[in-house]
Amino acid sequence: MRNENGFGCVTKMKGNRRKPYRASVTVGMEKVNGRYIQKRKSLGCYATKSEALQVLVEYNKSNNGIAPNLVLFEELYDMWSKWKYPDISESSIRNYTNSYNLCSILYKKKVVEITTDDLQYVLDNSGKNQPIQERIRILFSQLFKYAEKKKILPKGESDSLLFEVKINADNTNARPHKRFTNEEIETLWNNYQQFDYCNVVLMLIYTGCRISELLNLKKENVNMNGKYFDIIDSKTKNGIRRLPIHDKIYPFFEYWYNLNNCEYLISNDNDKHMTYERFYDRDDSYWKSILSELDMEHTPHDTRHTFTSLLTEAKIDDRYIRRLD
């Protein structure tokens, strides 16, 4: 009976030998004349076939059954994310996850068969702007470096694959950020009592926070008496900052602060932490429901663009704008 693909193999060597059965496994791939071939490792020779098979069984148990030449892109991502995600922030996890969601064409492809052209195709057809494409490229680099570490790819193959992958800065499908118009802001003010979480949209516009910063803001970092709050966890070093609470949106902060015992300022219907997915990234998210009802089309990042535009129109010095944003 033939062993399962990737399990390893037992071969009987010629001649009159005391231990004629050799157990061997694939431990990686190497590139020879432009083609990948299996790099095999001998686990020893044994007197009987059953002994050799038992060695293969034990080897596969200790190595989690990884067969380098058969690992799919989606399997590589699964292995890497289980190793990587416990040690990084929620915002970083979200960025990696969103990037991975744009790589569906690669999911069922064997890692050893992925080419530079495959990676370039993902970027060119992502419909995303330059920063998002760069995140996808970073994900590729992380995954393939991990594949090298696990001997799924030859050492140095990650750099070789990514060397010619270019960011498509002229991607015509990428949506530019656009500010909320004064009329749209007025509409939000006129309807915030009608729609749940509409006040959060206004909080984003009047603070310039990233959506992740506001949703991850804990009450312990909000000073209601001093009318300010501290961002202590941000995607950039400059993102660690103190922001004032404008009088116009102070009642919104007061409402969320006193609403329940959730440690986070913004909570969901169950008085738990409001996640990015529930607020924005699902088809039935609060963001999409509110803006659809009000006949608007924006992304959360448009609130930051609006914040900066409002300060510029008010002739605020650029130095102060940079410190707030």
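Residue numbers start at 1 and run along the sequence shown.
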Q. Has the side chain of N223 got a donor or acceptor atom that lies under 3.5 Å from a matching backbone atom of N225?
A. yes
Q) Where do Y197 and Y192 land on the ring-ring contact (aromatic ring centres under 6.0 Å, His included) test, with the steps shown first? A) CA-CA 8 Å; Y197 298 96; Y192 77 85; over 10 Å; no
Q. Distance from R137 atom CZ to Q120 atom CD, nearest 0.5 Å?
A. 9.0 Å
**Q.** Sidechain-backbone polar pair: Q194 side chain, N191 backbone, donor-acceptor under 3.5 Å
**A.** no
Q) Do M224 and Y250 have side chains that get closer than 4.5 Å, going by heavy atoms? A) yes
Q | From K145 atom NZ to L153 atom CG, the distance as rounded to the nearest 0.5 Å | A | 11.0 Å
Q) Which atom names give the shortest non-hydrogen contact between L102 and V122, and what distance separates them? A) O-CG1, 3.6 Å
Q) What closest approach, in Å, do A23 and A52 show between heavy atoms, and which atom pair accounts for it? A) CB-O, 3.8 Å
**Q.** S292 (side chain) donor-acceptor with S289 (main chain) under 3.5 angstrom
**A.** no
Q.
Using every non-hydrogen atom in the two residues, find where S212 and R94 come nearest and quote the distance to one decimal.
A. CB-NH2, 2.7 Å
(Q) Are the side chains of V222 and Y228 in contact, using a 4.5 Å heavy-atom criterion? (A) no
Q) Quick one: which of I290, T187, T181, V201 gives a side-chain contact (heavy atoms from CB on, under 4.5 Å) with M296? A) T187
Q: For K227, enumerate each residue passing the salt bridge (Lys or Arg N to Asp or Glu O under 4.0 Å) test, keeping only those at least two apart in sequence or located in another chain.
A: D247
Q. Is D302 salt-bridged to K178, cutoff N-O under 4.0 Å?
A. no
Q. Does any donor atom in the side chain of D118 or T115 lie under 3.5 Å from an acceptor atom in the other side chain?
A. yes
Q) Would a distance-only check, ignoring hydrogens and angles, find a side-chain to backbone donor-acceptor pair under 3.5 Å from E148 to G156? A) yes
(Q) Membership question, hydrophobic clusters at under 4.5 Å side-chain separation (ILVMFWY): are I231 and I205 in the same one? (A) yes
Q | Ring center gap for Y100 and Y107 short of 6.0 angstrom | A | yes
Q) Do L215 and L265 touch side chain to side chain, with heavy atoms closer than 4.5 Å? A) no
(Q) Would you say L310 ends up clustered with L204 if hydrophobic residues are merged whenever their side chains have heavy atoms under 4.5 Å apart, either directly or through other cluster members? (A) yes
Q. Counting only N and O atoms by type, is there a donor-acceptor contact under 3.5 Å from the side chain of T308 to the main-chain atoms of R304?
A. yes
Q: Without swapping roles, check the side chain of S309 against the backbone of H305 for a donor-acceptor pair under 3.5 Å.
A: yes
(Q) Can you give me the closest heavy-atom contact between R22 and C45, atom names plus distance? (A) NE-SG, 3.9 Å
Q) Is the backbone of E184 close enough, under 3.5 Å, to the side chain of W189 for a donor and an acceptor to pair up by distance? A) no
**Q.** R278 side chain near D284 side chain, heavy-atom distance below 4.5 Å
**A.** yes
Q) Is S126 reaching over with its side chain to a backbone N or O of L123, donor-acceptor style, under 3.5 angstrom? A) yes
Q) Do side-chain atoms of N258 reach the backbone of E254 as a donor and acceptor pair under 3.5 angstrom? A) yes
Q) Considering all heavy atoms of both residues, which atom of L76 and which atom of V71 are nearest to each other, and what is their separation? A) N-CG1, 3.9 Å
Q: Quick one: do L291 and E297 satisfy side-chain contact (heavy atoms from CB on, under 4.5 Å)? Show the steps, please.
A: CA-CA 6 Å; L291 268 64; E297 186 177 352; over 6 Å; no
Q: Please tell me if the side chains of N129 and Q133 come closer than 4.5 Å, counting only heavy atoms from C-beta onward.
A: no
(Q) Are there over 12 heavy-atom neighbours, none belonging to N101, within less than 6.0 Å of that residue's CG? (A) yes
Q.
Quick one, I185 and R179 - any side-chain contact, counting heavy atoms below 4.5 Å?
A. yes
Q) Which atoms form the tightest heavy-atom contact between K14 and R17, and what is the distance? A) O-NE, 2.7 Å
Q.
So, taking the atom named CD1 in I93 and the one named OG in S81, what distance separates them when rounded to the nearest 0.5 Å?
A. 9.0 Å
Q.
Quick check: Y280 with Y276 (ring centres under 6.0 Å apart)?
A. yes
Q. Between F252 and Y206, is a side-chain contact (heavy atoms from CB on, under 4.5 Å) present by the stated rule, with each step listed?
A. CA-CA 11 Å; F252 300 156; Y206 282 83; over 6 Å; no
Q: May I ask you to decide if the ring planes of Y77 and Y85 are parallel, tilted or perpendicular, using 30° and 60° as cut-offs?
A: perpendicular
Q | side-chain hydrogen bond (donor to acceptor under 3.5 Å, both in side chains) between S89 and S92, intermediate numbers included | A | CA-CA 5 Å; S89 67; S92 295; 3.1 Å; yes
Q: Would you indicate whether the side-chain heavy atoms of I105 and F73 approach each other to under 4.5 Å?
A: no
Q.
Tell me whether E157 contacts the main-chain N or O of P154 through its side chain, where contact means a donor paired with an acceptor under 3.5 Å.
A. no
Q. Any cation-pi pair here, K84 with Y96, using under 6.0 Å and within 45°?
A. no
Q: State the CZ-NZ distance between F279 and K288, to the nearest 0.5 angstrom.
A: 12.0 Å
**Q.** L106 side chain reached by F140 side chain, heavy atoms, under 4.5 Å
**A.** yes
Q: Determine whether I114 and L162 fall in the same hydrophobic cluster, where Ile, Leu, Val, Met, Phe, Trp and Tyr are linked whenever their side-chain heavy atoms lie under 4.5 Å apart.
A: yes
Q.
Assess whether a salt bridge exists between E263 and K218, defined as any Lys/Arg side-chain N lying under 4.0 Å from an Asp/Glu carboxylate O.
A. yes
Q) Do any pairs count as a side chain to side chain donor-acceptor pair (under 3.5 Å) and have a residue in residues 264-273, sequence neighbours left out, and if so which ones? A) N216-H273, N260-S267, N260-D271, D269-Y286
Q) Hey, what do you get for OG1 (T207) to CZ (F229), rounding to the nearest 0.5 Å? A) 4.5 Å
Q: Take L188 and N199, measure what side-chain contact (heavy atoms from CB on, under 4.5 Å) needs, and give me the verdict at the end.
A: CA-CA 8 Å; L188 291 170; N199 56 11; over 6 Å; no
Q: Determine, step by step, whether R241 and L243 satisfy the side-chain contact (heavy atoms from CB on, under 4.5 Å) criterion, reporting the C-alpha distance in whole Å, the side-chain angles of both residues, the deciding distance to 0.1 Å, and the verdict.
A: CA-CA 7 Å; R241 62 204 189 280; L243 295 174; 3.9 Å; yes
Q) When rounded to the nearest 0.5 angstrom, what is the spacing between OG in S158 and NZ in K149? A) 14.0 Å
